[in-house]
Amino acid sequence: MSNQSNPAGAGISVHTGRVAPLNQANVDTDQIIPKQFLTSVTKSGYGKHLFHDWRYLDLHEQEPNPDFVLNKPEYQGASILLTRENFGCGSSREHAPWSLDDYGFKVVIATSFADIFYGNCINNALLPVQLTSAQIDTVFAAVEQDSTCQVVVDLPQQQVRFNDQVIGFDIAPHHKNNLLKGLDAIGQTLELDDKISAFEAKQAAWQY
Amino acid sequence: MGPELGLIKPGMTVVCGDSHTATHGAFGALAFGIGTSQVEHVFATQTLKQSKGKCMQVKVTGARPLGLTAKDIILAIIGKIGHAGATGCVIEYCGDTIEGLSMEERMTVCNMSIEAGAKAGLIAPDQTTFDYLAGREYAPKGADWDAAIAYWKTLKSDDDAKFDIVIELAANDIAPQVTWGTNPGQVIGVNQPIPAPEDFSDPIDRDSAVKALKYMDVKPGQKLSELTVNHVFIGSCTNGRIEDMRAAAAIAKQGKVAGHVTAIVVPGSVAVKAQAEAEHLDKIFLDAGFEWRLPGCSMCLGMNDDILSQGDRCASTSNRNFEGRQGRGARTHLVSPAMAAAAALAGHFADTRDFVAND
């Protein structure tokens with residue numbers, strides 16, 4: 001896999017990598033990272049627990065489940081997760097994108113994402129790419145045929161490219177801009193501090 | 001706890017690092033869960049950037065039949081629109097059935113907005129809301145109260161407001177609900193048979209059903225009353241309030257917990273626990289063979305010692321029946337507090353309407 005970053009090195013631009021196909025809808029946050037691993041407040045170290053219940057046959061993560069996609073030899077080193085509808089539903093836990101990122105995923109391609117999870121991805125420079133069901137089918141087919149298939153996810157051009165296919169995707173301009181430039185959302189908002197203070201001054205005390 | 005203290009008021013924007021923040025929408029507040037980075041943003045700036053959501057109206061109409069609880073209403077809504085049916089939306093719940101709900105019942109409905117995929121769910125404030133807030137510790141007082149009421153009364157949708165999606169349900173069509181699968185949209189009335197994968201036209205729903213039937217160890221056509229329950233959990237932010245305790249106690253006093261069932265009751269807060277004890281509900285539960293616990297999240301998400309073992313089957317008043325939510329390999333069926341108490345006594349799922357009639 002390779003990452004072509006912007007000159008400052010902080011954002012996402014064009015990512016090329018292999019795909020791990022998780023052919024399932026409604027993958028919830030309890031599956032992505034179960035609650036027993038939420039006891040730390042740092043953002044790293046969750047990758048080994050990613051998909052814990054599916055990935056391991058035992059509680060101590062000593063016995064990998066050979067049937068689970070991330071344990072198959074052909075998908076080692078994949079940096080793009082391909083999945084289906086409503087990915088990331090459930091909890092607001094930001095540990096979900098943290099664990100995907102820590103494992104090594106840079107991009108998640110799905111038919112749809114749960115709202116809170118989507119926002120959490122944007123805030124953690126994990127690129128969520130939404131494609132239609134039919135488009136997702138073509139990516140699954142390509143990966144099934146050749147697990148080494150290199151997929152290019154091009155954020156500036158809003159394209160997913162593989163073999164001879166080019167698929168466009170939508171992303172909100174402000175999300176795109178923040179991801180491309182690796183912007184600090186807090187710094188951006190604080191530039192509007194005068195307006196925030198003016199608004200707060202207008203509120204009646206009993207409202208809060 | 002926020003509502004108990006009068007902290008949550010109509011028209012507020014309420015955010016918290018918990019997806020069930022939507023509970024506070026019961027007060028006509030825009031309340032939603034956010035991630036850790038967003039919490040940081042709020043602390044640093046007192047603001048949060050948001051994209052505008054779609055508006056969904058969910059209208060429930062008609063007199064509430066005997067034994068129908070707020071939990072059944074929200075589970076039936078999720079069953080109708082699906083687990084991701086409201087993705088990208090804020091739901092406004094309305095209709096005379098919703099207007100007839102108490103504040104605690106409204107909280108139960110709004111709590112599970114996220115289980116329908118919605119970011120938030122809210123109910124327009126009305127006299128029920130104002131009566132609940134009046135006199136609470138952080139509610140406005142004196143002239144401020146009058147000013148607040150005048151403002152809060154303006155917080156409702158226009159009669160000709162346009163919604164992106166409109167869903168309607170009749171209260172009379174809703175039976176006590178039980179989830180049979182591994183997402184909250186996989187739900188049926190207590191007397192309906194467990195569905196077969198072929199019953200779903202959408203291939204994704206069909207695949208999910210196959211997987212859920214296997215995980216839950218249930219068979220198409222099976223009756224819920226044939227499923228032996230060995231754990232019962234009454235509590236959580238969905239159903240841990242005093243009215244929930246009362247509803248469960250009304251059933252609990254009609255018998256004893258079945259021998260093979262471990263049943264725990266966990267009040268949602270210290271105030272709820274104290275109120276329940278003042279009403280001697282704790283004694284009813286203990287006499288019937290339930291455990292009476294200290295307040296907390298307990299078995300809702302199994303982050304503590306209250307976890308189930310592989311293969312356990314639990315009737316739970318919580319909000320998520322995801323695989324492994326209450327313990328690896330454990331099977332969660334979401335129900336109302338009354339249905340959970342009935343399952344504890346019967347040792348399997350039972351129709352609360354049979355108990356309510358006796359009460």
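Each chain gets a letter, A, B and so on, in the order the sequences are listed, and its residues count up from 1.
- Looking at A/Asn120, the atoms closer than 4.5 Å to chain B (heavy atoms on both sides) all sit in the side chain, from C-beta outward.
- For the 3.5 Å distance criterion, the side chains of B/Thr47 and B/Thr45 qualify, holding a donor opposite an acceptor.
- No part of B/Thr21 comes within reach of chain A, as not one of its non-hydrogen atoms sits under 4.5 angstrom from that chain.
- For a residue to count as touching a neighbouring chain, one of its non-hydrogen atoms must lie under 4.5 Å from one of that chain's; by this rule B/Tyr138 does not touch chain A.
- For B/Ser316 and B/Gln326, the side-chain atoms include at least one donor-acceptor pair closer than 3.5 Å.
- Heavy atoms of A/Ile116 lying under 4.5 Å from chain B belong exclusively to its side chain.
- The part of A/Phe113 that comes within reach of chain B is its backbone (N, CA, C, O), which places non-hydrogen atoms under 4.5 angstrom from that chain.
- Using a 4.0 Å cut-off between charged nitrogen and carboxylate oxygen, A/Asp30 and A/Arg93 count as a salt-bridge pair.
- Residue contact with chain B, scored on non-hydrogen atoms closer than 4.5 Å, involves the backbone and the side chain of A/His52 alike.
- Heavy atoms from other residues, nucleotides or ligands lying under 6.0 Å from CG of B/Asp146 number more than 12.
- Between A/Phe87 and A/Phe117, the ring centre distance stays below 6.0 Å.
- For chain A, the nearby parts of B/Lys119 are the backbone and the side chain; heavy atoms of each come within less than 4.5 Å.
- Using a 4.5 Å cut-off between heavy atoms, A/Asp193 makes no contact with chain B at all.
- The closest side-chain donor-acceptor pair between A/Trp98 and A/Asn124 falls under 3.5 angstrom.
- In this structure, chain A has a heavy atom under 4.5 Å from the side chain of B/Lys211, while its backbone stays farther away.
- Ranked by heavy-atom pairs under 4.5 Å with chain B, the first of A/Leu57, A/Leu192, A/Thr29 is A/Leu57.
- If you measure heavy-atom distances from A/Glu85 to chain B, the contacts under 4.5 Å come from the side chain alone.
- If you measure heavy-atom distances from A/Gln203 to chain B, you find no contacts under 4.5 Å at all.
- Residue contact with chain B, scored on non-hydrogen atoms closer than 4.5 Å, is absent for A/Ala172.
- Side chains of B/Arg320 and B/Ser19: a donor on one and an acceptor on the other come within 3.5 Å.
- When heavy atoms are compared at a cutoff of 4.5 Å, B/Trp145 does not approach chain A at all.
- Interface remark: B/Asn183 contributes side-chain atoms only to the contact with chain A (heavy atom separation under 4.5 Å).
- In summary, A/Asp137 and A/Arg84 engage in a salt bridge, as defined by a charged side-chain N under 4.0 Å from a carboxylate O.
- Using a 4.5 Å cut-off between heavy atoms, B/Glu115 makes no contact with chain A at all.
- Using a 4.5 Å cut-off between heavy atoms, B/Ala139 does not touch chain A at all.
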